[in-house]
Amino acid sequence: MKKIEAVIRHYKLEDVKNALTAAGVDGMTVTEVRGFGRQRGHKEMYRGAEYTVDFLPKVKLEIVVPDKMVREAVDTIIRVARTGQIGDGKIFVTDLSEVIRIRTGETGESAL
Amino acid sequence: MKKIEAVIRHYKLEDVKNALTAAGVDGMTVTEVRGFGRQRGHKEMYRGAEYTVDFLPKVKLEIVVPDKMVREAVDTIIRVARTGQIGDGKIFVTDLSEVIRIRTGETGESAL
Amino acid sequence: MKKIEAVIRHYKLEDVKNALTAAGVDGMTVTEVRGFGRQRGHKEMYRGAEYTVDFLPKVKLEIVVPDKMVREAVDTIIRVARTGQIGDGKIFVTDLSEVIRIRTGETGESAL
Amino acid sequence: MRFVRLCLLPGLFGLFLLGNVAFSEDTPAAETAAPAAEAPAAAPVDPRATPKDFNGADTTWMLISSALVLMMTAPGLAMFYCGLVRKKNVLGVMMQCFFLMGLMSVIWALYGYSLAFAPDVLGGFCGGTDYMLLKGVLPTYDFATKVSEVPMAGTIPRSLHMVYQMMFFIITPALICGAYAERMKFSTMVVFTILWGTFIYCPVAHWVWSDQGWLNAFYIAVPGSSVTEAPFPALDFAGGTVVHITSGISALVCALVLGKRLGHGQEPMPPHNLTYTCIGAALLWVGWFGFNGGSALAANPLAVNAFVATHLAAAAGTLAWAGAEWVLRGKPSILGACSGAVAGLVVITPAAGSVSPLSGIVMGVIAGLVCFQACNLKNKFGYDDALDAFGVHGVGGTLGAVLTGVFATAAVIPGKTDPMGLLEGNSKQIVNQVVGAGVSIVIAVVGTLILLKILDSVMGLRVSQQDELQGLDVSQHGEEGYIFL
Amino acid sequence: MRFVRLCLLPGLFGLFLLGNVAFSEDTPAAETAAPAAEAPAAAPVDPRATPKDFNGADTTWMLISSALVLMMTAPGLAMFYCGLVRKKNVLGVMMQCFFLMGLMSVIWALYGYSLAFAPDVLGGFCGGTDYMLLKGVLPTYDFATKVSEVPMAGTIPRSLHMVYQMMFFIITPALICGAYAERMKFSTMVVFTILWGTFIYCPVAHWVWSDQGWLNAFYIAVPGSSVTEAPFPALDFAGGTVVHITSGISALVCALVLGKRLGHGQEPMPPHNLTYTCIGAALLWVGWFGFNGGSALAANPLAVNAFVATHLAAAAGTLAWAGAEWVLRGKPSILGACSGAVAGLVVITPAAGSVSPLSGIVMGVIAGLVCFQACNLKNKFGYDDALDAFGVHGVGGTLGAVLTGVFATAAVIPGKTDPMGLLEGNSKQIVNQVVGAGVSIVIAVVGTLILLKILDSVMGLRVSQQDELQGLDVSQHGEEGYIFL
Amino acid sequence: MRFVRLCLLPGLFGLFLLGNVAFSEDTPAAETAAPAAEAPAAAPVDPRATPKDFNGADTTWMLISSALVLMMTAPGLAMFYCGLVRKKNVLGVMMQCFFLMGLMSVIWALYGYSLAFAPDVLGGFCGGTDYMLLKGVLPTYDFATKVSEVPMAGTIPRSLHMVYQMMFFIITPALICGAYAERMKFSTMVVFTILWGTFIYCPVAHWVWSDQGWLNAFYIAVPGSSVTEAPFPALDFAGGTVVHITSGISALVCALVLGKRLGHGQEPMPPHNLTYTCIGAALLWVGWFGFNGGSALAANPLAVNAFVATHLAAAAGTLAWAGAEWVLRGKPSILGACSGAVAGLVVITPAAGSVSPLSGIVMGVIAGLVCFQACNLKNKFGYDDALDAFGVHGVGGTLGAVLTGVFATAAVIPGKTDPMGLLEGNSKQIVNQVVGAGVSIVIAVVGTLILLKILDSVMGLRVSQQDELQGLDVSQHGEEGYIFL
Ligand SMILES: Nc1ncnc2c1ncn2[C@@H]1O[C@H](COP(=O)(O)OP(=O)(O)O)[C@@H](O)[C@H]1O
Ligand SMILES: Nc1ncnc2c1ncn2[C@@H]1O[C@H](COP(=O)(O)OP(=O)(O)O)[C@@H](O)[C@H]1O
Ligand SMILES: Nc1ncnc2c1ncn2[C@@H]1O[C@H](COP(=O)(O)OP(=O)(O)O)[C@@H](O)[C@H]1O
């Protein structure tokens with residue numbers, strides 16, 4: 001079982017969700033985040049004050065999948081979320097030691 | 001040291017927090033998330049437009065505990081957060097390689 | 001590759017970002033969270049009702065760095081985010097099994 | 001297209017019926033209009049331009065006041081209330097207020113105004129059908145006789161009186177929303193409000209404000225009748241009994257009958273957006289100048305007095321409630337300040353036209369302190385008056401009715417030459433005030449109880465548990481309030 | 001300091017030119033003012049204090065109405081619209097409304113009022129330059145003759161008439177923002193709006209409302225002329241054609257020419273803050289009392305009728321739209337209720353001064369049902385009228401123009417002795433109404449199309465794809481709406 | 001119950017004292033009232049219904065204007081300001097505005113109005129005690145002589161004049177909140193404001209607006225006195241000096257004495273909700289019609305002129321500030337547009353009743369450009385005027401005072417027959433304007449400095465560092481603004 005975390009652009013969420021569902025992913029959890037990276041921020045001006053906003057709005061997906069699906073899920077995300085412009089985001093994969101479904105107490109792959 | 005991530009229903013947060021505290025958990029971090037899974041979304045209508053909202057509001061807890069407390073923490077969450085209806089949520093457990101308390105620089109279990 | 005998660009005080013974000021950048025960190029992802037721990041909450045009163053607010057606003061940083069940079073990143077955070085008052089926050093370090101840059105498909109350290 | 005078949009055809013039939021009524025409005029003029037001979041002199045004034053007794057300044061003031069009272073319901077009350085609920089119910093509350101602006105207006109035009117202000121039927125229980133469908137309220141023109149008529153109410157057109165009073169008919173049931181917030185079924189709310197307006201509001205308004213109302217301190221004797229005064233001439237300038245007691249007491253009954261919100265007492269349920277509540281309170285304050293000031297029905301010194309007394313009572317209420325919190329809990333809160341302002345506004349409502357503005361300060365302070373305490377009652381007695389509709393409007397309204405009997409003074413009431421309130425040495429007025437408040441409480445309790453019991457068995461009062469947990473916005477209206485993410 | 005050099009010096013030159021005009025305003029008085037001999041009696045009234053024909057009540061009502069109509073644009077429309085867009089464009093929409101409050105006001109003072117209300121030029125296509133730079137509009141004083149003059153428009157100062165009409169000149173183009181929301185370049189919007197106001201609004205306003213407008217049902221004959229009636233005397237009390245048809249139809253053209261928002265149809269684009277939309281709708285409702293009631297230009301029974309009819313149409317529209325949703329989709333939504341209220345307000349706008357309030361109910365219901373359906377058209381025809389400016393204002397305005405011909409009644413219009421609308425047996429009026437609506441549609445379509453084509457080639461209509469994805473707030477204005485995190 | 005013992009008993013004693021004053025109000029009538037013999041003719045008019053000189057239209061306009069000016073403080077200013085702070089201080093700012101609506105009102109009724117408007121004491125430094133506790137302001141009735149009296153101020157009841165001026169007494173100190181936002185202790189703010197209102201506002205209002213104020217250009221000679229003109233007759237129609245200079249200059253002093261917010265210059269502190277700021281600005285704009293238009297104290301052409309000039313100055317300011325940003329920074333911002341509108345409104349405040357609306361455009365442009373620059377001063381000089389209370393109100397107010405001397409014209413001021421402003425060739429007026437502005441600046445600087453120094457040592461000016469980091473909402477009021485999660 002792996003957890004895939006993908007930081008993507010806001011407006012790609014719907015497409016990525018649909019593509020992942022089509023690829024057989026059953027669930028995911030989404031968080032609103034702000035990201036800092038190579039993508040240049042923008043300037044904001046409020047009367048006398050000028051700020052450079054480095055943290056740009058992004059969306060983070062967390063998707064837990066069986067090991068064998070990691071490749072396909074990652075590839076799907078890359079394919080759909082890519083625009084080719086700086087700021088498309090990152091994917092991080094982590095090992096999970098346990099997964100449980102609260103409703104049933106099921107564990108492992110059947111918990112997904 | 002393990003990190004327990006639990007996606008639960010919004011209105012269960014207070015109960016889960018109290019139960020975990022009673023079980024000896026000293027701290028936790030909560031994030032507002034939106035989850036997609038088996039639980040059916042709902043329809044929203046705005047004039048001519050109709051959307052199916054698949055991402056439902058959930059709350060994600062992150063709880064770091066010593067290995068020996070993982071079982072009890074997970075069981076507590078399952079017990080309190082369960083309603084038996086689809087959408088109760090998941091628990092994911094990950095290994096941590098290090099934990100540090102910023103204030104003191106303490107590491108390991110004493111950092112919790 | 002490691003993922004450093006740091007829960008810190010809100011008003012330390014700007015300083016920590018600058019210090020990490022100076023230390024050579026190229027990117028990070030920030031989430032608004034609410035934290036519960038030793039730091040005492042406060043009371044809020046609304047007409048007849050009084051609540052104790054245990055979940056205090058914090059900010060969570062996620063920073064993925066090559067293994068060799070973990071030490072410096074963690075030390076930087078500790079140095080800058082510390083005030084010495086209860087509630088300064090925690091740092092959690094996890095192993096990552098993979099990192100991918102969506103734009104290019106690069107993996108590993110070059111994806112950062 | 002299905003829709004057209006489904007709705008428009010049968011619907012339009014009804015509409016055209018109504019349209020014909022609107023049209024045939026012109027004909028009754030023939031019967032009522034004076035012969036043209038009345039004004040044989042050069043260039044008689046067209047009554048459609050300047051009716052007899054018409055006063056432009058009074059009309060302007062009443063137009064504005066009507067607009068201000070509408071503004072009290074939305075955005076005023078809608079924001080005040082919706083800020084106090086949880087995010088998932090924000091639209092539910094707003095919708096109740098906004099929808100009532102549509103619903104109650106139409107009902108008032110169809111028959112409500114008639115029930116409240118037409119001459120007595122049922123021994124004075126309510127008004128008759130004279131003003132039904134706005135007959136005798138709207139201007140008419142007769143093509144045959146070339147006679148036009150604009151029915152008047154004092155110095156303003158009667159249709160203006162009608163629309164001003166309409167705004168009260170909207171906000172009164174909207175106040176009750178505060179009690180059953182976050183759990184009442186929308187459909188039941190709609191039916192309940194129609195019935196409540198019909199059977200509770202209209203009669204009380206008739207007793208207190210119609211010309212021969214048995215509680216009307218400004219009773220207008222029927223020419224030739226020996227009765228020149230109401231049996232219990234209670235002073236209720238702008239609706240302490242009619243608006244605040246009826247709604248506040250009914251709110252308590254609703255809270256008791258519906259029961260608590262799920263999770264009440266376990267989960268925290270803090271206001272989700274106090275900035276809205278504060279903005280709403282400020283808009284209520286501003287709008288209340290139309291509510292109380294407009295109740296003079298003219299731009300006269302009485303309106304000025306009502307305006308000044310209203311403002312000072314609100315100011316004093318603000319200080320009293322926030323001050324009490326400061327002393328007793330260590331911090332003055334913005335919700336306390338806003339609640340105090342509203343409490344002050346409620347208490348001065350029946351009194352604004354009969355007390356000195358300085359008494360307004362005193363009444364505002366008393367209301368601030370008493371309502372502050374009253375909002376703790378629900379914790380003691382265990383009912384869930386979600387937004388304190390009873391604690392503020394029920395308690396404050398009753399307090400205001402009584403205190404009006406204490407502070408009323410001949411100094412501000414045109415035509416009065418006798419001592420008015422207790423402080424002027426007249427102890428009888430307070431009896432009338434208590435009677436007025438008492439019967440309003442009784443009809444509110446009994447009426448609301450009966451209506452809720454019937455509706456509970458017929459259509460159910462509360463949304464399902466599932467729907468309540470999900471929130472009224474999505475479950476009742478298929479929408480979300482904020483999509484910030 | 002660089003700024004002072006850059007801007008102030010050249011700028012101030014222009015300013016002082018303008019300042020001199022303001023100053024020299026006093027001199028023309030000499031030519032126009034009557035000799036002091038006119039009032040030789042004791043203590044002649046200073047016209048600057050009380051001009052001839054001046055009426056204080058009418059003035060008060062028009063001052064308030066002007067304030068109310070300004071409030072309709074912001075916060076009213078600004079909130080109504082900005083709640084409907086996505087969070088990243090919230091300021092973009094607000095800015096369009098707010099900036100137009102500045103822009104259109106100055107243009108109106110400089111030349112707009114003159115184009116719309118000065119005597120005919122170009123064969124009646126628009127007004128001439130008589131009121132340019134507010135000449136003949138503002139008070140004057142001549143030091144030599146000691147004669148002062150306050151130009152009047154009926155019973156109110158002409159400058160008040162000017163400022164009241166100015167508020168209409170602001171809100172009309174602001175309504176169009178609903179069509180091109182979330183994608184139009186701010187700079188192009190500014191230029192478009194100036195041109196649109198000049199070439200579309202001013203002429204239509206001139207036809208419908210200026211004294212000898214060829215569509216003006218209240219045509220004022222030039223003394224001595226044999227023409228005493230307009231060729232097509234259309235009834236447009238408060239701007240069904242001038243405001244709603246021109247803006248609503250132009251909105252459709254904008255939606256078609258600009259094309260859809262990026263991601264439209266793929267991504268969900270739900271309203272980001274319906275509480276704002278509801279608050280905005282309520283403020284529009286309240287402000288509309290000034291819009292329609294003020295169009296009587298005096299505090300008279302006509303204003304009262306307009307007020308009551310307006311309110312009831314809004315109420316009926318609310319019930320109709322929300323009711324239709326309830327029947328057809330299972331749930332009444334707050335957006336539906338708010339949209340219905342606005343639809344009712346739009347439909348009654350041309351009619352408020354010539355129909356019975358009961359007809360207002362009927363018209364409100366029709367508008368609610370029809371506009372509800374009209375908002376689905378965009379799905380069928382595939383254009384992206386982002387906030388339904390066409391669906392509500394274009395459709396509702398046209399509907400209102402026509403229905404006014406059906407429901408108009410002599411009962412409410414001073415001086416009329418003949419049957420007015422179809423229901424009173426006059427079938428000719430509806431022809432005038434259709435002509436009025438028709439030419440407004442034609443000029444709106446043709447004019448907007450030409451302007452957009454020109455601007456597209458000169459400066460481009462849409463922001464870059466990058467900017468659109470980022471949102472207008474940051475890309476056009478360098479700001480974010482909410483920073484809650 | 002503890003509470004009742006704690007608060008009510010001692011409190012009620014004071015209240016009943018006050019109540020008795022309210023009551024005994026009726027008795028002085030005996031002394032002042034004319035004998036009933038004065039009106040022996042048939043059916044004498046009850047002064048309580050229609051006092052001598054009473055004008056309904058003027059009264060209506062002043063009632064509305066009072067309501068509009070209250071609306072300026074909340075929701076207007078409260079929203080304008082609270083949108084500009086960080087989320088954690090949103091309620092802190094709102095509470096300051098809202099609480100002052102309670103506090104300043106009561107103080108004004110108790111003694112403020114008397115200090116400002118009663119006849120001179122202390123050689124004209126302030127007013128005496130004649131209107132203390134609203135003596136001579138409220139209506140009275142004497143049961144013995146059956147004589148009633150409604151004190152008048154021109155054509156409106158004096159109590160209306162009192163309440164209108166009260167609204168100015170509320171908003172003026174509320175403007176200062178902009179300087180010390182996000183760090184001042186609430187308790188100290190309360191005490192500071194009471195003292196500031198008493199020792200700075202009341203005297204300046206007395207000098208400028210009371211009948212024999214030494215800066216009053218509309219000085220009313222004491223009958224029989226040889227002095228018929230004020231020593232320095234400055235034109236300050238609606239409070240350029242009294243409101244904006246005093247508050248804006250005091251704001252600067254506050255910013256300097258309190259020091260910067262923690263983290264200022266390090267952390268970004270962008271406005272947390274610009275939609276509120278824009279809504280607030282729009283409400284200020286609308287409310288300002290009452291502020292400036294109402295300062296005519298009647299519904300006359302002067303009020304109309306003030307209305308039009310005010311609107312055009314705001315419009316021009318909007319364009320100027322946003323335009324300057326566009327030219328110099330590449331993007332027009334909504335905060336710029338809103339700030340420009342307010343700057344235009346501030347600059348026209350003293351001038352609205354004495355300049356042509358065209359001059360209003362010129363003044364608005366100048367104010368927009370100058371205040372835009374002035375908001376950068378704080379960066380240069382390193383003080384933290386958090387919300388630019390000085391940059392907009394201090395600078396704009398001073399500018400307005402001076403420019404009034406340039407643009408004033410006899411064309412709009414009833415009764416004036418001499419050249420007024422510099423452009424009409426009168427160079428003396430500008431001297432009076434500078435004197436008026438100068439003394440206001442001096443009393444504001446000196447007075448505020450003294451008050452702050454005293455309060456700093458007695459109770460401390462700033463919240464603790466801990467509390468400031470946590471935010472004022474939780475630390476001062478125990479509440480959170482938004483709970484969206
Ligand atoms: N080292 C990192 N750790 C955590 N998140 C990162 C890191 N680097 C980038 N991110 C996230 O990925 C997003 C995109 O990264 P960026 O460098 O701007 O573009 P790209 O991925 O196209 O090179 C950032 O906004 C941030 O949220
Ligand atoms: N594969 C997954 N990866 C990450 N989060 C998931 C996954 N599946 C479900 N979730 C989270 O768990 C929540 C509940 O899942 P759902 O399938 O709806 O119900 P249940 O857990 O009762 O079967 C979802 O809303 C989502 O936030
Ligand atoms: N066991 C834990 N698991 C996850 N997060 C924790 C845990 N303990 C603390 N935290 C996070 O760290 C923050 C600070 O912890 P706290 O105990 O209050 O102070 P300190 O770290 O200074 O001892 C908390 O608000 C919470 O977000």
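Below, chains carry the letters A, B, ... as their sequence lines are ordered, and counting in each starts from 1. No experiment lies behind these values; they were computed from the predicted model shown.
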Q: Between B:Arg82 (side chain only) and A:Arg103 (backbone N and O only), is there a donor and an acceptor less than 3.5 Å apart?
A: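 Yes, because the side chain of B:Arg82 sits within donor-acceptor range (under 3.5 Å) of the backbone of A:Arg103.
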Q: Other residues, nucleotides and ligands only: do more than 12 of their heavy atoms fall within 6.0 Å of CD on B:Glu106?
A: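 Enclosed.
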Q: Heavy-atom distances under 4.5 Å only: say whether A:Leu61 touches chain B with side chain, backbone, both or neither.
A: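 Neither part; nothing is under 4.5 Å.
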Q: Please tell me if the side chains of A:Arg101 and B:Arg38 come closer than 4.5 Å, counting only heavy atoms from C-beta onward.
A: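 They are in side-chain contact.
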Q: Check this for me: does any side-chain nitrogen of one of A:Glu62 and B:Lys60 sit under 4.0 Å from a carboxylate oxygen of the other?
A: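 Counted as a salt bridge, because a side-chain N and a carboxylate O are separated by less than 4.0 Å.
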Q: Are more than 12 heavy atoms, taken from residues, nucleotides or ligands other than A:Arg71, located less than 6.0 Å from that residue's CZ atom?
A: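 It does: A:Arg71 CZ has more than 12 such atoms within range.
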Q: Going by the side chain to side chain contact (heavy atoms under 4.5 Å, CB included) test, name the single residue among A:Thr107, A:Ile102, A:Ile100 that passes it with B:Val74.
A: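 Among A:Thr107, A:Ile102, A:Ile100, the one that satisfies the side chain to side chain contact (heavy atoms under 4.5 Å, CB included) with B:Val74 is A:Ile100.
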Q: Hey, which of A:Thr21, A:Thr29, A:Val30 is the one that makes side chain to side chain contact (heavy atoms under 4.5 Å, CB included) with B:Phe36?
A: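 So, applying the side chain to side chain contact (heavy atoms under 4.5 Å, CB included) to B:Phe36 and each of A:Thr21, A:Thr29, A:Val30, only A:Thr21 qualifies.
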Q: Where does B:Gln85 contact chain A at under 4.5 Å (heavy atoms): side chain, backbone, both or neither?
A: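 Looking at B:Gln85, just its backbone touches chain A.
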Q: How about B:Glu50: does its CD atom have over 12 heavy atoms from other parts shown lying under 6.0 Å from it?
A: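 For B:Glu50, atom CD is crowded (more than 12 foreign heavy atoms under 6.0 Å).
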Q: Is A:Lys3 positioned over the aromatic face of B:Phe92, cation under 6.0 angstrom from the ring centre and no more than 45 degrees off axis?
A: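 The answer is no, since A:Lys3 fails at least one limit relative to B:Phe92.
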Q: Among the options B:Asp95, B:Ile8, B:Asp54, pick out the one with the most heavy-atom pairs lying under 4.5 Å from chain A.
A: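 Heavy-atom pairs under 4.5 Å are most numerous for B:Asp54.
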Q: Which atoms of B:Lys58 are under 4.5 Å from chain A, going by heavy atoms: the side chain, the backbone, both sets, or neither?
A: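 Answer is neither: B:Lys58 stays 4.5 Å or more from chain A.
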Q: Under a 4.5 Å heavy-atom cutoff, which of B:Thr31, B:Ile78, B:Thr94 has the most pairs with chain A?
A: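 So the answer, after comparing B:Thr31, B:Ile78, B:Thr94, is B:Thr94.
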Q: Which bit of A:Val64 is near chain B, if near means a heavy-atom gap under 4.5 Å: side chain, backbone, both or neither?
A: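 A:Val64 touches chain B through side-chain heavy atoms alone.
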Q: If I measure from the heavy atoms of chain A, does B:Ile86 come under 4.5 Å with its side chain, its backbone, both, or neither?
A: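 For B:Ile86, heavy atoms of backbone and side chain both lie under 4.5 Å from chain A.
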